[in-house]
Amino acid sequence: MDYKNRTRIARIILSDEIALNTDVIILGLVRTVRVGKEVAFVEVNDGSCLKNIQGVVGEPDKFPVLSEILTGASVRIKGKLIESQGGGQKYEIAVEELDLIGPADATYPLQKKRHSYEFLREIAHLRPRTNTFGALNRIRSKLAYAVHQFYQEKGFYYIHTPIVTTSDCEGAGGLFRVSTIDHENPPISDGKIDWTEDFFGTESFLAVSGQLEGELLATALGDIYTFGPTFRAENSNTSRHASEFWMIEPEMAWAELDDNMDLAEEFLKYLFRYALEKCEEEMSFFGQWIDKEVRQTLASVADSQFERLTYTEAIKILESSSEKFEFPVSWGVDLQSEHERYLTEKKFKKPVIVYDYPEEIKSFYMKLNDDGKTVRAMDVLVPRVGEIIGGSQREHRLDVLENRMKEKGITNIEEYQWYLDIRKYGTVPHSGFGLGFERAIMYITGMTNIRDVIPFPRVPKWAKF
RNA sequence: UCCCCUGUAGCUCAGCUGGUAGAGCAAUUGACUGUUAAUCAAUGGGUCGUAGGUUCGAGUCCUACCGGGGGAGCCA
């Protein structure tokens, strides 16, 4: 079989680059078959785009294989590309050869109808074959490319931070243990597990962030970014948390919080514009089936300023608002979801950056402001998704950093010697943030559950496929 | 982890105040059609999440457990 000479459907339908009457070979999965006496139609999708192409069989009697071709089968169609004689599509294939490559029987779970997302999650091995997940996986790929393009064009270096970490206190929640110790018969010393016997000679975990290492590279290379998997062993059961997700973490040397906010805003707008301009087919699909206003929202956000306000200002707005909150607000408490949602969805109706948070509720590495009460932290909040970016200017003053670590109760400071060393030798002001890639995709596509924007989600009680 | 809702044919669901199950789609068979989530007809298909309990009798009520959804916390 000459699989190599096949023509991808996107080249026919989307880019219009195949001339009429060209002999083409289509390889793909059957979406639906309609067999009659005089004519039969075999509609195929090959994953290159949303649209299917239909093969037209003029004399069905001469193709007994038609009776074996059901929805879900893989087929090879050879024939001439012709102008469609029916309405509804521009092109079709006048079938000359029709081969069933891989049959699918009546048990094929994907029917010619809409399925619930809940059901599709249970068949995550097959859901990529649906229109929605095809579009999601394609736009995910394109947006990942856009991430690299954005940073590479700005002169940032793409760096790889370790997946396995030995520091158990990165300030971002629960960690997954990495171990080769026989857990049914662990080595014991002084009544406790002897981790020096473990693979790395010490306790080790999956990284919850590449930030600390990112800072090291930034002070050497200037501007860097990471884009990789991140693991959080939190028992979070929400539509916007996953145990394994992809995060983009830029880190800029010689940059303060304003520069950080500028970068975050520019970055998000770049992704929104990229989706609108370079992912037209997917975005029109999402606009039709997922969220009718999503394109309009992205376009208006891409052309407007994000609202920036300090935590203190945010608290004042919330306190003077007539909105009834379940949790009362006052200076010093962390903003609840309902507060964040009010700010971004009701008050400003666009992305909002809140910065300068009370130091008590933020991590040790964030730069202390001169007021001694707040730190240079920032959160970017967007409607429907909530917190999409979290970042800060880092504390680059060695003595201040050491003090804050002590205040935060970090006892094993000597294990962070490497982190402190970049402050000890030629320290530079630097800033960075983390963007949850899936949350960005949710915002861009209008999808409302993080489990549907990553092909194989990992969440509490679910790591199948 | 907490609160609320939910679990009935392959899928989406109906099943009122308890009396041993229905529809649409899918599938199978046949007919018909330049069709396009094709159409029409017939047929097959369910130990009602699991385990207990109340009751003469439970899909329907109660308890526990296991899934799923929404919200909260944690955050990206």
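A, B, ... follow the sequence lines: proteins, then strands. Residue 1 opens every chain.
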Across the strands shown, which category fits [X] at heavy-atom distances under 4.0 angstrom: base, sugar-phosphate, nothing?
X: A:Glu249; value: nothing
X: A:Ala242; value: base
X: A:Ile248; value: nothing

Verify whether one side chain among [X] and [Y] offers a donor that lies under 3.5 Å from an acceptor in the other.
X: A:Asp356; Y: A:Thr374; result: no
X: A:Glu215; Y: A:Tyr365; result: no
X: A:Gln152; Y: A:Tyr225; result: yes
X: A:Tyr355; Y: A:Asn260; result: no
X: A:Asn45; Y: A:Arg129; result: no

Distance check: side-chain N/O of [X] vs OP1/OP2 of [N], anything under 4.0 Å?
X: A:Gln336; N: B:rG73; answer: yes
X: A:Arg34; N: B:rA38; answer: yes
X: A:Arg451; N: B:rG69; answer: yes
X: A:Arg114; N: B:rC13; answer: no
X: A:Ser337; N: B:rG71; answer: no
X: A:Asn449; N: B:rG70; answer: yes
X: A:Thr32; N: B:rA38; answer: yes
X: A:Thr230; N: B:rA76; answer: no

How far does the [atom1] atom of [N] sit from the matching atom of [M], given to the nearest Å?
N: B:rC74; M: B:rG18; atom1: C1'; result: 44 Å
N: B:rU47; M: B:rU8; atom1: P; result: 13 Å
N: B:rG67; M: B:rC48; atom1: C1'; result: 16 Å
N: B:rA23; M: B:rA14; atom1: C1'; result: 7 Å
N: B:rG49; M: B:rG59; atom1: P; result: 10 Å
N: B:rU54; M: B:rA27; atom1: P; result: 46 Å
N: B:rA76; M: B:rU1; atom1: P; result: 22 Å
N: B:rG30; M: B:rC11; atom1: P; result: 27 Å

Task: Residue pairs passing the side chain to side chain donor-acceptor pair (under 3.5 Å) test where at least one lies in residues 448-461 of chain A, sequence neighbours excluded - done: A:Arg121-A:Asp452, A:Arg127-A:Asp452

TODO: Please confirm whether A:Phe272 and A:Tyr443 have ring centers closer than 6.0 angstrom.
DONE: yes

- [ ] Report the relative orientation of the aromatic rings in A:Tyr311 and A:Trp331; use parallel for angles under 30°, tilted for 30 to 60°, perpendicular for over 60°.
- [x] perpendicular

- [ ] Classify the angle between the aromatic ring planes of A:Tyr416 and A:Phe364 as parallel (below 30°), tilted (30 to 60°) or perpendicular (above 60°).
- [x] perpendicular

TODO: Any chance you could lay out the salt bridge (Lys or Arg N to Asp or Glu O under 4.0 Å) test for A:Lys347 and A:Glu307, step after step, and finish with the verdict?
DONE: CA-CA 10 Å; A:Lys347 176 76 182 173; A:Glu307 193 68 34; over 6 Å; no

I'd like a table of atom pairs between the protein and nucleotides 44-50 of chain B - only N or O on both sides, under 3.5 Å - with the distance next to each one.
none

If you take atom types as modelled and just measure distance, does the side chain of [X] reach the base of [N] with a donor-acceptor pair under 3.5 Å?
X: A:Arg232; N: B:rA76; value: yes
X: A:Ser236; N: B:rC74; value: yes
X: A:Gln111; N: B:rG10; value: yes
X: A:His115; N: B:rC11; value: no

- [ ] Check RNA chain B against residues 46-54 of chain A and give the residues with a non-hydrogen atom under 4.0 Å, in numerical order.
- [x] A:Gln54

Task: Residue-level proximity of residues 118-148 of chain A to RNA chain B when a heavy atom falls under 4.0 Å - done: A:Glu118, A:Phe119, A:Arg121

Could I get a table of every N or O pair under 3.5 Å where one atom is in the protein and the other is in nucleotides 3-8 of chain B?
none

Contact list (N/O, under 3.5 angstrom) for nucleotides 27-32 of chain B vs protein:
residue	atom	partner	partner atom	Å
B:rC32	OP2	A:Lys37	NZ	2.4

Open item on the list: So if I apply the side-chain contact (heavy atoms from CB on, under 4.5 Å) rule between A:Leu435 and each of A:Leu268, A:Val380, A:Val147, which one comes out positive?
Closed with: A:Leu268

Task: Side-chain heavy-atom pair A:Leu110, A:Thr71 within 4.5 angstrom cut-off - done: no

TODO: Figure out the OH/C1' separation between A:Tyr117 and B:rG70, and round it to whole Å.
DONE: 16 Å

TODO: Flag as yes if A:Phe437 stacks onto the base of B:rA76 (centroids under 5.5 Å, planes under 30°), otherwise no.
DONE: no

Who pairs with [N] - Watson-Crick or G-U, where each distance is under 3.5 Å:
N: B:rG22; value: B:rC13
N: B:rA72; value: B:rU1
N: B:rA31; value: B:rU39
N: B:rG7; value: B:rC66

Task: Evaluation steps, salt bridge (Lys or Arg N to Asp or Glu O under 4.0 Å), between A:Asp258 and A:Arg308 - done: CA-CA 10 Å; A:Asp258 284 341; A:Arg308 297 185 190 188; 5.1 Å; no

Task: Of all pairs that satisfy ring pair (Phe, Tyr, Trp, His ring centres under 6.0 Å), the ones with a partner from residues 90-117 of chain A, not counting sequence neighbours - done: A:His115-A:Phe119

Polar-atom pairs under 3.5 Å, protein N or O versus N or O of nucleotides 39-42 of chain B: list them with distances, or write none.
none

- [ ] Please name all residues satisfying salt bridge (Lys or Arg N to Asp or Glu O under 4.0 Å) with A:Glu387, sequence neighbours left out, ordered by chain then number.
- [x] none

Open item on the list: By the salt bridge (Lys or Arg N to Asp or Glu O under 4.0 Å) test, which pairs, at least two apart or in different chains, include something from residues 99-119 of chain A?
Closed with: A:Arg76-A:Asp99

Using residues 53-66 of chain A as the side-chain source, report each donor-acceptor pair under 3.5 Å to any protein atom, sequence neighbours left out, with the distance given to one decimal.
residue	atom	partner	partner atom	Å
A:Gln54	OE1	A:Arg34	NH2	3.3
A:Gln54	NE2	A:Glu92	OE1	3.1
A:Glu59	OE1	A:Lys62	NZ	3.3
A:Glu59	OE2	A:Lys62	NZ	3.4

- [ ] Check ring-ring contact (aromatic ring centres under 6.0 Å, His included) between A:Trp462 and all other residues, then give those that pass, not counting sequence neighbours.
- [x] none

- [ ] Pick out which of A:Phe267, A:Tyr145, A:Phe437, A:Tyr158 makes a ring pair (Phe, Tyr, Trp, His ring centres under 6.0 Å) with A:Phe227.
- [x] A:Phe437

Open item on the list: Could you check whether any side-chain N or O of A:Thr297 sits under 3.5 Å from a backbone N or O of A:Glu293, counting only pairs where one atom can act as donor and the other as acceptor?
Closed with: yes

